[in-house]
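First up is the structure itself, then whatever we jot down about it.
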Amino acid sequence: MKTLLVTGCAGFIGSNFVHTLLAGGRDVKVVNLDKLTYAGNLANLASLQDDPRHVFVQGDIGDRALVERLLQEHSPDAVVNFAAESHVDRSIHGPGDFIQTNVVGTFNLLEAVRAYWGALPDMASDVRPSRASFRFLHVSTDEVYGTLSPADPPFAETHPYEPNSPYSASKAASDHLVRAWHHTYGMPVLTTNCSNNYGPYHFPEKLIPLVIHNALAGKPLPIYGDGQQVRDWLYVEDHCRAILRVLEAGQLGETYNIGGWNEKANLDVVRTLCAILDELKPRADGKPYASQITYVKDRPGHDRRYAIDARKIERELGWKPQETFETGIRKTVQWYLDHADWVEGVTSGNYRHWLVKQYGA
Ligand code: NAD
Ligand code: TYD
């Protein structure tokens with residue numbers, strides 16, 4: 001049985017990753033280290049409550065003593081780092097937590113893992129990996145590359161880092177630390193830079209789940225600026241399958257861009273969501289959900305366009321997304337309609353206070 005120490009698995013992508021990993025009865029143990037910030041929610045993992053393959057530990061990636069203890073106790077074959085502060089708007093209003101977790105936290109995690117990895121044996125055994133077989137995979141974003149003009153080619157792995165928001169700057173810093181720990185100490189690292197994800201368990205502060213949630217609640221659907229900003233959308237399970245593929249076959253020290261060639265303007269995404277909701281759950285008054293669209297002040301420093309060139313992972317590792325935007329977005333809307341209790345659970349508490357401050361919602 002393989003063991004993975006995975007951080008941030010009570011969040012959106014991390015929880016989907018655990019579900020993808022453990023699906024089909026795979027013989028893997030996941031030790032899930034998560035601080036349970038506002039974005040971490042054990043309800044995302046409720047179906048694994050009695051599964052001995054999932055061990056949950058509440059804690060901070062920056063707590064070196066705790067991480068060292070977990071590494072000793074579980075002897076993981078790999079560490080996958082999802083844990084992060086992840087919302088651009090929050091990073092604008094309060095960048096401190098982003099520096100603390102994404103930069104300082106990643107540094108502490110790297111140092112704990114370096115000590116563990118350095119003490120691994122030359123030969124793997126049933127209970128411990130070898131120094132050569134161990135992997136550290138860092139999950140990052142395309143936002144580290146900055147913004148594109150309409151005529152620019154999509155971001156390739158060779159694109160310079162030009163982060164524009166406190167969030168993307170903190171992720172860029174963490175990517176650089178991971179890179180340096182490979183080049184300086186020889187740590188066996190892999191980095192993935194993915195485009196915008198969507199799907200189940202997505203916290204409703206991000207565009208897609210926020211719009212579904214607000215539409216159903218009869219609230220405004222806030223469009224920042226002119227709504228012509230472009231994002232490159234990928235269904236979350238496709239991202240999770242790509243990470244597993246990189247873990248399995250990625251070249252050490254390399255970075256892999258992950259994306260589904262699915263560029264969409266925000267306004268088009270919101271109109272698509274409204275049209276699917278009109279069909280699946282029409283408003284009681286018969287009006288279209290699009291009538292709730294409301295233009296609001298633009299985000300400061302708003303990146304105009306992200307787009308991923310995914311040819312490297314397609315060519316070298318044979319990964320391809322399984323969902324199109326059309327199939328993935330329909331599944332997603334249906335998931336939110338079927339999981340009103342989950343949405344209610346995560347939209348109570350701190351989040352609601354923050355939302356009220358932001359939008360007066
Ligand atoms: P999320 O905000 O939904 O989840 C983050 C999780 O990390 C939460 O469970 C939270 O409790 C946990 N966490 C936060 N600080 C922690 C700390 N100090 N120690 C331990 N746990 C901590 O984020 P997400 O959207 O699932 O993103 C996961 C990762 O993927 C992030 O690194 C993000 O930068 C990256 N990423 C996200 C997207 C996207 O579209 N959401 C795209 C590309 C890359
Ligand atoms: P978001 O989901 O926050 O992801 P990111 O900023 O990491 O790309 O936002 C996606 C796009 O949608 C981004 O261009 C900002 C825009 N947006 C809105 O227009 N209205 C909203 O209420 C939100 C949350 C985002």
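Numbering of ligands and ligand atoms starts at 1, following listing order. These numbers come from the heavy atoms of this one structure, side chains and all, not from hydrogens, waters or symmetry mates.
- Residues N266 and R231 form a side-chain contact, since some pair of their non-hydrogen atoms from C-beta on lies under 4.5 Å apart.
- Looking at D232 and S195, their side chains never bring a donor and an acceptor atom within 3.5 Å of each other.
- Of all atoms in ligand 2, numbered sequentially from 1 with element shown, those under 4.0 Å from a heavy atom of L210 are 22 (O).
- For atom 25 (O) of ligand 1, the nearest non-hydrogen atom of the protein is F12 CD2, 3.7 Å.
- Heavy atoms from other residues, nucleotides or ligands lying under 6.0 Å from CD of E248 number more than 12.
- There is a side-chain donor-acceptor pair under 3.5 Å between W342 and N44.
- Ligand 2 places these atoms under 4.0 Å from at least one heavy atom of E143: 5 (P), 7 (O), 8 (O).
- Remark: among candidates T294, V270, L207, the nearest residue to atom 10 (C) of ligand 2 is L207, based on non-hydrogen atoms.
- Counting atoms of ligand 2 from 1 in the listed order, those under 4.0 Å from a heavy atom of I223 are 19 (O).
- T255 contributes atom OG1, which lies 11.0 Å from atom NE2 of H138 (distance to the nearest 0.5 angstrom).
- Considering both main-chain and side-chain atoms, Y306 never comes within under 3.5 Å of ligand 2 through any nitrogen or oxygen pair.
- Only the side chain of N266 comes within 4.0 Å of ligand 2, counting heavy atoms alone; its backbone N, CA, C and O stay farther away.
- In this structure, the side chains of L5 and V113 stay at 4.5 Å or more apart for every pair of heavy atoms.
- The option from K264, R231, R90, R305 that lies nearest to atom 8 (O) of ligand 2, judged by heavy atoms, is R231.
- In summary, the atoms of ligand 1 found under 4.0 Å from a heavy atom of F82, numbered by their order in the structure, are 28 (C), 29 (C), 31 (C), 32 (O).
- Those atoms of ligand 2 that come under 4.0 Å of a heavy atom in H87, given as number and element, are 3 (O).
- The distance criterion of under 3.5 Å between nitrogen or oxygen atoms is not met by D303 with respect to ligand 2.
- Contacts with ligand 2 closer than 4.0 Å are made by no heavy atom of V211, backbone or side chain.
- Close contacts between ligand 2 and E205 involve ligand atoms 24 (C) [criterion: under 4.0 Å to a heavy atom].
- Distances below 4.0 Å separate heavy atoms of H302 from the following atoms of ligand 2: 13 (C), 14 (O), 15 (C).
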